[in-house]
Amino acid sequence: MLRIDDILNAAVIAGCSELFGSAPDASQVSVQRTRPEFEGERTVVVFPFTRLSKKSPEDTGTALGEYLVANCDDVIAFQVVKGFLNLSLSDSYWINELNGAVGAGAGFGLQPKASKPQVMVEYSSPNTNKPLHLGHLRNNFLGYSVSEILKAAGHDVVKVQIINDRGIHICKSMVAWLKFGEGETPESSGLKGDKLVGKYYVAFDKAYKAEVPDHGEDNAPILLEAREMLHKWENGDPEVRALWQKMNGWVYEGFDATYTEMGVDFDKLYYESNTYLIGKDQVEKGIASGAFTKRDDGSVWVDLTDRGLDEKLLLRSDGTAVYMTQDIGTAILRFEDYPALDRQVYTVGNEQEYHFKVLFEILSKLGFDQGERCHHLSYGMVELPEGKMKSREGTVVDADDLLAEMRETAEAVAVEAGKLDNIPEADRPELFKQVGYGALKYFLLRVDPKKSMMFDPKGSIDFIGNTGPYLQFNYVRSRSVLRNANIEDSTSLNISPIVSLDQTEKALLMTALSLPDIIEEAARLYDPSIVANLCYDITKSYSSWYQDHPILKEEDSDLREARLAICALCSSAVKTGMSLLGVSMPERM
RNA sequence: GGCUCUGUAGCUCAACUGGAUAGAGCAUCGCACUACGGAUGCGAAGGUUUGGGGUUCGAAUCCCUACAGAGUCACCA
């Protein structure tokens with residue numbers, strides 16, 4: 001909240017106590033921004049106090065308003081409308097805030113580094129035989145953005161992913177490559193490694209389906225071969241392991257290229273082939289401590305019915321691990337790797353909500369108190385106009401294709417608008433990425449993560465209206481103004497306290513100044529959409545203000561300086577906010 | 001069937017977590033126009049917040065209920 005809000009909160013409580021003889025509970029005090037159609041900037045809702053004052057809302061508001069004007073230096077006037085007490089703050093208050101924020105420079109809105117507990121964020125974690133698609137883009141952008149937001153809020157963040165590099169699915173691709181591949185490699189085919197392996201996964205499926213009518217689903221020869229290969233892999237067969245490493249290597253090269261394009265990164269990688277066995281020991285410990293129970297058939301279960309959940313299998317009767325077993329092991333491994341870790345955040349689709357509820361309960365049951373602080377960053381599916389993406393129907397939107405399309409669209413729009421004359425040839429590819437990827441990231445992140453969202457590939461993404469490029473365009477314009485004013489370091493701007501600001505300017509300032517609160521809230525809720533919406537609010541207000549408030553042409557030098565500062569603050573706040581979404585802002589476009 | 005989530009303008013999304021007359025963008029129509037960068041700004045039109053009850057000064061938001069959609073409830077991952 002704004003600095004003034006703390007003061008107002010306290011003053012309202014003190015005022016009630018003095019005027020009405022008893023103080024309201026802190027939770028009853030609500031200070032919010034005044035709606036633009038009314039005079040003033042901050043509003044106190046007075047209904048809760050009528051019980052104390054035993055007066056009408058209007059009289060209560062008036063009494064409180066008079067008290068606040070008398071006792072708070074920055075409150076210069078008030079107005080009561082129905083049960084709402086609207087307060088006008090002094091120009092000097094806003095100038096002070098503006099000076100403070102501009103003085104903080106690029107650090108405005110950011111908490112000191114590592115001033116809060118260490119958090120691990122897991123995201124991406126793809127299957128290694130399918131290329132990345134649109135759903136992964138939402139996952140990656142979300143995970144990356146939440147990591148950046150947590151950092152900005154002062155947490156030390158460790159970005160990780162678990163790579164699903166073993167199992168029957170990998171063996172399927174390997175079998176198909178041996179049978180049909182004729183030694184094809186990324187180099188020989190010119191295909192990206194992940195695409196090449198994906199191609200053989202599809203080839204396997206095709207061959208398998210052809211065999212099913214004659215042999216049945218469970219006895220198709222090619223499936224038996226894959227199972228045989230999985231056995232060999234588990235027994236460490238050197239040839240199988242070598243092939244496995246070769247093909248996974250191709251996939252990683254392909255994925256890395258895509259991650260680089262997306263602008264996401266990881267501090268540490270976990271591989272399922274290294275962690276899939278470690279959960280069993282933890283399950284054994286759980287049996288010993290009484291957290292889990294072993295049944296007569298040898299299977300192991302956890303009973304969570306007292307927590308409103310079900311019983312869940314942790315080890316099969318033959319002693320082999322299930323998915324949950326691995327996740328328990330991996331989670332505990334991570335707590336061991338990072339002893340200071342306060343919690344883990346898992347960026348995984350909402351179809352696994354139940355799984356993570358169970359996982360966190362189990363961690364608590366095993367004595368890890370971090371369990372109750374862990375968070376499943378659950379997100380909804382990205383749907384197409386014709387419904388869900390289905391590989392069988394060929395409606396999967398490939399990540400690399402989409403990124404390329406965004407670059408091309410950015411270029412086409414720039415050419416169409418005749419914007420490239422002043423952009424050196426060498427800088428253009430980078431610019432098209434900034435604009436194209438900015439549009440895509442903003443589009444995917446401005447929606448509340450938990451909601452499923454609609455993506456229309458044919459309509460593509462607009463570059464006007466509430467879009468990434470609109471924010472970039474206004475950023476570029478404000479940077480241009482600052483350049484023309486020869487302002488290299490805006491922290492040196494210092495606004496005279498005698499400048500008078502109009503209502504539009506105060507409202508704009510109020511919006512931009514809320515960046516620190518919004519970052520904190522977004523970190524608390526693990527929700528980048530709040531940051532995206534703030535960036536839009538600032539930009540929209542800025543653009544409207546810019547239209548009829550001359551900056552460079554303003555003749556009053558104090559006012560000119562103040563407007564330059566507003567310009568600097570808005571552009572800096574939006575740049576910071578957008579960087580938390582993984583969107584980089586061009587200087588020219 | 002049990003549990004979870006969602007339902008807001010023609011479409012895509014907001015609404016400070018219970019506050020004032022529910023706001024933006026797109027699309028439609030109109031206005032500004034040699035613009036400190038027009039990838040702009042302003043305005044019009046568009047709503048019984050899925051229906052029905054309830055709680056209270058006050059509900060898109062909380063409770064109950066009906067309806068619609070999604071997910072989940074595997075010795076799958």
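Residue numbering restarts at 1 for every chain, and letters A, B, ... go by the order of the sequence lines.
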Q: Would you indicate what A:N86 reaches in the nucleic acid, counting non-hydrogen atoms under 4.0 angstrom: base, sugar-phosphate, or nothing?
A: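 The answer is base, as A:N86 lies within the cut-off (heavy atoms under 4.0 Å) of a base atom.
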Q: Nearest to the side chain of A:R316, heavy atoms from C-beta on, is which of B:C73, B:G37, B:C76?
A: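 It is B:C76.
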Q: Looking only at side-chain N and O atoms, does A:R295 offer a donor or acceptor that is under 3.5 Å from a partner on A:S299?
A: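 Side chains of A:S299 and A:R295: no pair found under 3.5 Å.
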Q: In whole Å, measure the gap between the C1' atoms of B:G25 and B:G46 for me.
A: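 These two C1' atoms come out 14 Å apart once rounded.
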Q: For atom P, what is the distance between B:A22 and B:A45, given to the nearest Å?
A: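 After rounding to an integer number of Å, I get 14 Å for this pair.
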Q: Give the C-alpha distance, both sets of side-chain angles, the deciding distance and a yes or no for side-chain hydrogen bond (donor to acceptor under 3.5 Å, both in side chains) between A:R477 and A:S543.
A: CA-CA 9 Å; A:R477 284 202 300 187; A:S543 183; 3.3 Å; yes
Q: Would you state whether a donor and an acceptor, one from the side chain of A:S317 and one from the base of B:C75, lie under 3.5 Å apart?
A: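 Such a pair is found, so the answer is yes.
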Q: Stacking between A:Y323 and the base of B:C76 (centre distance under 5.5 Å, interplanar angle under 30°)?
A: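 A:Y323 ring does not meet the centre or angle cut-off for B:C76; no stack.
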Q: For a quick check, tell me whether the side chain of A:D462 and the base of B:A27 share a donor-acceptor pair closer than 3.5 Å.
A: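 Side chain to base: no pair below 3.5 Å.
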Q: Using a 90° cut-off around 0 for syn, call B:U17 syn or anti.
A: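 Because its glycosidic torsion lies within 90° of 0, B:U17 adopts the syn conformation.
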Q: Return yes if a side-chain donor-acceptor contact under 3.5 Å exists between A:R33 and A:T511, otherwise no.
A: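 Short answer, yes.
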Q: Expressed as a whole number of Å, how far does the C1' atom of B:G69 sit from that of B:U8?
A: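 It comes out at 16 Å once rounded to the nearest Å.
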Q: Reckon A:M453 touches a base, only the sugar-phosphate, or nothing at all at heavy-atom distances under 4.0 Å?
A: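 Sugar-phosphate contact only.
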Q: Which base, if any, makes a Watson-Crick or G-U wobble pair with B:G19, both distances under 3.5 Å?
A: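 When the pairing criteria are applied, B:C57 turns out to be the nucleotide that pairs with B:G19.
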Q: Of all the choices, B:C42, B:C36, B:A20, which nucleotide is nearest to the side chain of A:S544 once you look at every atom?
A: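 Within the option list, the nearest is B:C42.
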Q: In whole Å, measure the gap between the P atoms of B:G47 and B:C31 for me.
A: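 Those two atoms are separated by 24 Å.
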Q: Considering only side-chain heavy atoms of A:K388, which listed nucleotide, B:A22, B:C36, B:G71, is closest?
A: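 Selected nucleotide: B:G71.
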Q: Is the A:F47 ring parallel, tilted or perpendicular to the A:F84 ring (thresholds 30°, 60°)?
A: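 Judged by the thresholds at 30° and 60°, the geometry between A:F47 and A:F84 is perpendicular.
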Q: Among the nucleotides B:U40, B:C75, B:G37, which one has an atom lying closest to any side-chain atom of A:I464?
A: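 When the side chain of A:I464 is considered, B:U40 is the closest of B:U40, B:C75, B:G37.
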Q: What does A:F463 touch in the nucleic acid at a heavy-atom separation under 4.0 angstrom: a base, only the sugar-phosphate, or nothing?
A: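 Here A:F463 touches the bases of the nucleic acid.
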Q: What is the pairing partner of B:C3, taking Watson-Crick or G-U wobble pairs with both distances under 3.5 Å in any strand?
A: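 Its partner is B:G71.
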Q: Counting only side-chain nitrogens and oxygens, does A:S30 get under 4.0 Å of the OP1 or OP2 atom of B:G19?
A: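 No, because none of the side-chain N or O atoms of A:S30 sits under 4.0 Å from OP1 or OP2 of B:G19.
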Q: Against the six-membered ring of A:Y276, is A:R166 placed for a cation-pi contact (under 6.0 Å from the centre, within 45° of the normal)?
A: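 Relative to the ring axis of A:Y276, which defines the angle, A:R166 lies inside both limits.
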Q: I want to check one thing: is the phosphate of B:G25, taken as OP1 and OP2, less than 4.0 Å away from some side-chain N or O of A:K540?
A: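 Looking at the OP1 and OP2 atoms of B:G25, one of them is under 4.0 Å from a side-chain N or O of A:K540.
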Q: With a non-hydrogen cut-off below 4.0 angstrom, is A:H376 in contact with a base, only sugar-phosphate, or nothing?
A: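 Nothing: the residue A:H376, judged by heavy atoms under 4.0 Å, touches no strand.
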Q: Can A:F47 be said to stack with the base of B:G58, given centres closer than 5.5 angstrom and planes under 30 degrees apart?
A: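 Given the distance and angle limits, no, they do not stack.
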Q: Can you check salt bridge (Lys or Arg N to Asp or Glu O under 4.0 Å) on A:D556 and A:R563, steps first, answer last?
A: CA-CA 11 Å; A:D556 179 318; A:R563 287 185 178 163; over 6 Å; no
Q: Under 4.0 Å, counting only non-hydrogen atoms across every strand here, what does A:Q352 touch: a base, just sugar-phosphate, or nothing?
A: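 Answer is base: heavy atoms of A:Q352 come under 4.0 Å of a base.
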Q: Using atom P in both nucleotides, what's the gap between B:C63 and B:C3 to the nearest angstrom?
A: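 Here B:C63 and B:C3 have their P atoms 14 Å from each other.
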Q: Taking only the side-chain heavy atoms of A:N164 (C-beta and beyond), determine which of B:A77, B:G41, B:U17 contains the nearest atom.
A: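 Closest nucleotide among those given: B:A77.
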Q: Counting only Watson-Crick or G-U wobble pairs whose two distances fall under 3.5 Å, which nucleotide matches B:U40?
A: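 Pair assignment: B:U40 / B:A32.
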Q: Verify the distance criterion only: is there a donor paired with an acceptor across the side chains of A:Y354 and A:D310 at less than 3.5 Å?
A: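 Yes, side-chain donor-acceptor contact under 3.5 Å.
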Q: Under 4.0 Å from OP1 or OP2 of B:C36: is there any side-chain N or O of A:K553 that close?
A: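 For A:K553, the contact criterion (side-chain N or O under 4.0 Å from OP1 or OP2 of B:C36) is met.
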Q: What integer number of Å spans the C1' atoms of B:G38 and B:U50?
A: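 So the two C1' atoms sit 41 Å from each other.
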Q: Return no unless some side-chain N or O of A:K82 is found under 4.0 Å from OP1 or OP2 of B:C57.
A: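 Checking A:K82 against B:C57: no side-chain N or O falls below 4.0 Å of OP1 or OP2.
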Q: Looking only at atom C1', what distance separates B:U40 and B:C33, rounded to whole Å?
A: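 Straight-line distance between the two C1' atoms is 10 Å.
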Q: Answer with yes or no whether A:T43 presents, from its side chain, a donor or acceptor under 3.5 Å of a partner atom in the base of B:A20.
A: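 Per atom types, the contact qualifies.
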Q: What is the pairing partner of B:A66, taking Watson-Crick or G-U wobble pairs with both distances under 3.5 Å in any strand?
A: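 Base partner found: B:U50.
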Q: Which of these nucleotides, B:A14, B:U12, B:A20, is closest to any side-chain atom of A:R446?
A: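 Among B:A14, B:U12, B:A20, the one nearest the side chain of A:R446 is B:U12.
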Q: With the side chain of A:S299 defined as its heavy atoms from C-beta on, choose the nearest nucleotide among B:A20, B:C75, B:A14.
A: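 In terms of side-chain proximity for A:S299, the closest of B:A20, B:C75, B:A14 is B:C75.
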Q: Less than 3.5 Å between a donor and an acceptor, one on the side chain of A:D297 and one on the base of B:C75, is that the case here?
A: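 Yes, a donor-acceptor pair under 3.5 Å.
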Q: Could you please name the option among B:A20, B:G25, B:C75 that lies closest to any side-chain atom of A:L313?
A: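 My answer, after comparing the listed nucleotides, is B:C75.
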Q: Stacking here means centres under 5.5 Å and planes under 30°; does A:Y536 stack on B:A24?
A: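 A stacking contact does not exist, since A:Y536 is not both close and nearly parallel to the base ring of B:A24.
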Q: Regarding A:Y354, tell me which of base, sugar-phosphate or nothing describes its non-hydrogen contacts under 4.0 Å with the strands shown.
A: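 Contact class for A:Y354: sugar-phosphate only.
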Q: In terms of side-chain heavy atoms of A:R477, which of B:C75, B:G19, B:G37 is nearest?
A: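 Closest of the options to the side chain of A:R477: B:G37.
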Q: Taking B:G7 as the reference, what is the distance to B:U61 when you measure between their C1' atoms (whole Å, please)?
A: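 So the two C1' atoms sit 14 Å from each other.
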Q: Out of B:A20, B:A14, B:C36, which has the shortest distance to the side chain of A:R35?
A: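 Nearest nucleotide to the side chain: B:A20.
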Q: Does A:N474 have a side-chain nitrogen or oxygen under 4.0 Å from the phosphate oxygens OP1 or OP2 of B:G37?
A: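 For B:G37, neither OP1 nor OP2 has a side-chain N or O of A:N474 closer than 4.0 Å.
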Q: Reckon A:K450 has a side-chain N or O less than 4.0 Å from the OP1 or OP2 of B:U6?
A: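 True: A:K450 side-chain N/O within range (under 4.0 Å) of B:U6 OP1/OP2.
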Q: Pick base, sugar-phosphate or nothing for A:V413, based on heavy-atom distances below 4.0 Å to the nucleic acid.
A: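 Base: the residue A:V413, judged by heavy atoms under 4.0 Å, touches a nucleobase.
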Q: Report which part of the nucleic acid A:L482 touches: base, sugar-phosphate, or nothing (heavy-atom distance under 4.0 Å, all strands).
A: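 Nothing: the residue A:L482, judged by heavy atoms under 4.0 Å, touches no strand.
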Q: Both A:E37 and A:V447 contact RNA chain B. Taking the nearest nucleotide for each, which residue is further toward the 5' end?
A: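 On the 5' side of the pair lies A:V447.
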Q: According to the interplanar angle, ranging from 0 to 90°, do the rings of A:W233 and A:W244 count as parallel (below 30°), tilted (30 to 60°) or perpendicular (above 60°)?
A: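 Aromatic pair A:W233/A:W244 classed perpendicular.
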Q: Report the relative orientation of the aromatic rings in A:Y208 and A:F204; use parallel for angles under 30°, tilted for 30 to 60°, perpendicular for over 60°.
A: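 Parallel, since the angle between the ring planes stays under 30°.
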Q: Identify whether any heavy atom of A:P48 sits under 4.0 Å from a base atom; if not, whether one sits that close to sugar-phosphate; answer base, sugar-phosphate or nothing.
A: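 It contacts base atoms.
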